[in-house]
Structure formats: structure tokens, C-alpha cells
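These notes are about the structure you will find just below.
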Amino acid sequence: MTYENILTELRGNGPLRTGLVTLHRPKQLNALNDTLMDELGAALKAFDADDTVGCIVITGSEKAFAAGADIGAMAKWGYMDVYKSDYITRNWETIRSIRKPVIAAVAGFALGGGCELAMMCDIVIAADTAKFGQPEIKLGIIPGAGGTQRLPRAVGKAKAMDLVLTGRMMDAAEAERAGLVSRVVPAAELLDVAFAAAQNICEFSGPSVMMAKECVNRAYESPLSEGVTFERRVFHSLFATEDQKEGMDAFVAKRKPAFKQR
Ligand code: CAA
């Protein structure tokens, strides 16, 4: 399928491949307009439904992962325009619904909606050039795609307040120290590292990968006792899969497991 504002491809030679989405509005630093968000949602859904895809990577350009929502498009909006828009509802909910792991490979600016998009991914790998921020305050608005909620959960209240209220950017090293990103790598190695992580995930059993993601995400939504109960039920259910037998038989026989379930 051909898109206007994103590029998609499949990478890898194994039984399961990695779906790559590259945000591609270079002149606008990948500002997230409706078309781009519609296309991103469609591409993610297509990869999620494809049994030959085990993991998804979202990336941008060297200069920008995404510089936020499209300010030009929003500038004339009034209350009812933004209320009725799909911009921060349907498209962003789609990302949340993806079952397979999604890795954000971030170089350059990840600002506003760009930072929010990265935070909606399951793993964030940053180039040493990455810059994160929620600068909406400078525009007379606030983050609108989960930034005021996900940022404090990721980096704590003190740093989240600092970023949201001053609009300043933090570099990759600060973002890693704060816990927003899992790894910082040289910019030239960003995609290789992201693909290696993705292909690593592709080798595992589909049910355990998807359920592990679901359980970790549950930690955001529930008190510890409920989260632990949820995890336990999911743990029990994995013993009904063929891949659990395969994984444990392979360990006992000292051979590599051949997981089959997708
Ligand atoms: N929307 C629309 N266009 C954007 C944009 C955005 N968010 N960010 C950058 N652009 C455009 C610029 O207008 C410029 O276009 P022209 O060449 O046609 O003038 C082009 O991208 C390059 O940008 P700059 O010349 O500004 O590049 P720079 O290197 O000097 O600065 C930057 C880069 C610091 C990212 C700066 O562009 C910037 O501050 N952008 C806005 C960031 C922002 O405020 N993001 C939050 C948006 S609101 C939001 O996201 C709401 C939400 O929570 C959902």
C-alpha cells in the first residue's frame, strides 16, 4: 500500500519479520497531521494483523522523530473543531490497541505529540541526537495526547512538571537518566539497534510476547494487587499453549526452541 506521509517496509529474513514505519513529512519535521496519523494507524493495524510480522518499529528522520501536532493545521481551530476532530481520539486510540510490541527509534526532535507518540510505544530507543519535550505551553495550550499523564508516570512528577511548565527540551542522556528511554545509541547505529531488538523479540512465542506487553501495560492502569492477580491469570493461561511445552522441552533437552504460535 502506498501512503502520502509515511513509508512502510518489512525487514528481516527469519520466519517473523519486523514492520518498519518511517514518518515522512520532512519539510514539516514530521508534524503529525490528520493524514499522517490516519496512515500510521492503518499501517500499525495492518502489521498487527499480519502473521509474518512479530514486532514493529516506528522511526522518523535524522532531524526529527516528530515535532508535534501540526500547528499550521490547528492554528485556526476553535473549541468545536478540536472537540469533533479525530486527531487526538481515534488515531491515538489505534496505537494503544496494537498487540505486538512497538519500538520507537527516535533521532532528533520528539516534541509535543512526537514525544507523546514515543511514550505510547513499548520501548523507546534514542539516538544521542534525540531531544524530548512537551512545549505546548509556549503555544497557549497543553499536551493533548496523553503527555501530562504518561510523562509523570515515566519520569516522575518533578521532571514532568519542569518539562510541561517550562516547555524546555531534554537531551537523550537526560531522558535515559529519567527513565523515558531504555537505551541511547550513536545516531548512525539507531536503526540497526532497533532492528536487532525487534528481531530478538520476533524469535519468541507470539502469545508470550503479546501477553507480556499486556501485563506490563496493566501496571499503568491498576493497583499492585490487581496487577499481580491479572499477571498470575495470564501466566496460568500460557501453560495452555504449545509454545510453553516447546520452550521448556527445549530447555531441558538443551536445544534451541522452535516457537510456532503467532
Ligand atoms: N507543526 C507544523 N509545522 C512544523 C512543526 C509543527 N509542530 N514543527 C516544525 N514545523 C515546520 C516549521 O514551520 C518549518 O516550516 P517552514 O520551513 O515552512 O517554515 C519547518 O518545519 C522547519 O522548522 P524550523 O524552521 O522551525 O526548524 P528549526 O530547526 O529552527 O526548529 C523546532 C525546530 C525546535 C522543532 C521548531 O520547529 C519547533 O519549535 N516546532 C514546534 C514544536 C512544538 O511546539 N510542538 C508541539 C505542537 S502542539 C502538540 O503536539 C499538541 C499535542 O499534544 C497533541
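Just follow the structure's listing: the first ligand is 1, and inside any ligand the first atom is 1. We count residues from 1, following the sequence as given.
- Within 6.0 Å of atom CZ in Arg183, 12 or fewer heavy atoms from other residues, nucleotides or ligands are found, so the atom counts as exposed in its surroundings.
- Using a 4.0 Å cut-off between charged side-chain N and carboxylate O, Lys260 and Asp243 make no salt bridge.
- Between Ala69 and ligand 1, at least one N/O pair is under 3.5 Å apart.
- At least one side-chain heavy atom of Phe195 sits less than 4.5 Å from a side-chain heavy atom of Leu20.
- In plain terms, the two heavy atoms of Thr166 and Lys138 that are nearest each other are O-CE, 4.2 Å.
- Interface atoms of ligand 1 facing Glu136, defined by a heavy-atom separation under 4.0 Å, are 48 (S), 49 (C), 50 (O), 51 (C), 52 (C), 53 (O).
- Shortest non-hydrogen contact noted between Ala127 and Leu190 is N-CD1, 3.7 Å.
- When the heavy atoms of Gly112, Ala67, Pro26, Gly108 are ranked by distance to atom 45 (N) of ligand 1, first place goes to Ala67.
- Looking at ligand 1, you won't find any N or O of Leu111 less than 3.5 Å from one of its N or O atoms.
- For ligand 1, the polar-atom distance check against Ala31 finds no nitrogen or oxygen pair separated by under 3.5 Å.
- Within the structure, the closest approach of Pro135 to ligand 1 falls below 4.0 Å when heavy atoms are considered.
- Where the criterion is an N or O separation shorter than 3.5 Å, residue side chain and backbone included, Gly144 meets it with respect to ligand 1.
- The shortest N or O to N or O distance between Gln134 and ligand 1 is not below 3.5 Å.
- Using a 4.0 Å cut-off to heavy atoms of Leu139, the atoms of ligand 1 that qualify are 44 (O), 47 (C), 48 (S).
- Polar contact check, Gly113 against ligand 1: a nitrogen or oxygen pair lies under 3.5 Å apart.
- Close contacts of ligand 1 with Pro143, meaning ligand atoms under 4.0 Å from a residue heavy atom, involve 53 (O).
- Judged purely by distance below 3.5 Å, without hydrogens or angles, the side chains of Gln199 and Thr18 pair a donor atom with an acceptor atom.
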Evaluate Asp249 against Arg255 for side chain to side chain contact (heavy atoms under 4.5 Å, CB included), listing each step before the verdict. CA-CA 9 Å; Asp249 287 351; Arg255 62 172 173 81; 4.1 Å; yes
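- Closest non-hydrogen pair, Val106 versus Gly108, comes out as CG1-O, 4.3 Å.
- Summarising the geometry of Glu62 relative to Thr129, their closest heavy-atom pair is O-OG1, 4.4 Å, with the distance given to 0.1 Å.
- In summary, the atoms of ligand 1 found under 4.0 Å from a heavy atom of Glu116, numbered by their order in the structure, are 52 (C), 53 (O), 54 (C).
- Residue Lys27 holds the heavy atom nearest to atom 14 (C) of ligand 1 of all those in Lys27, Arg25, Lys138.
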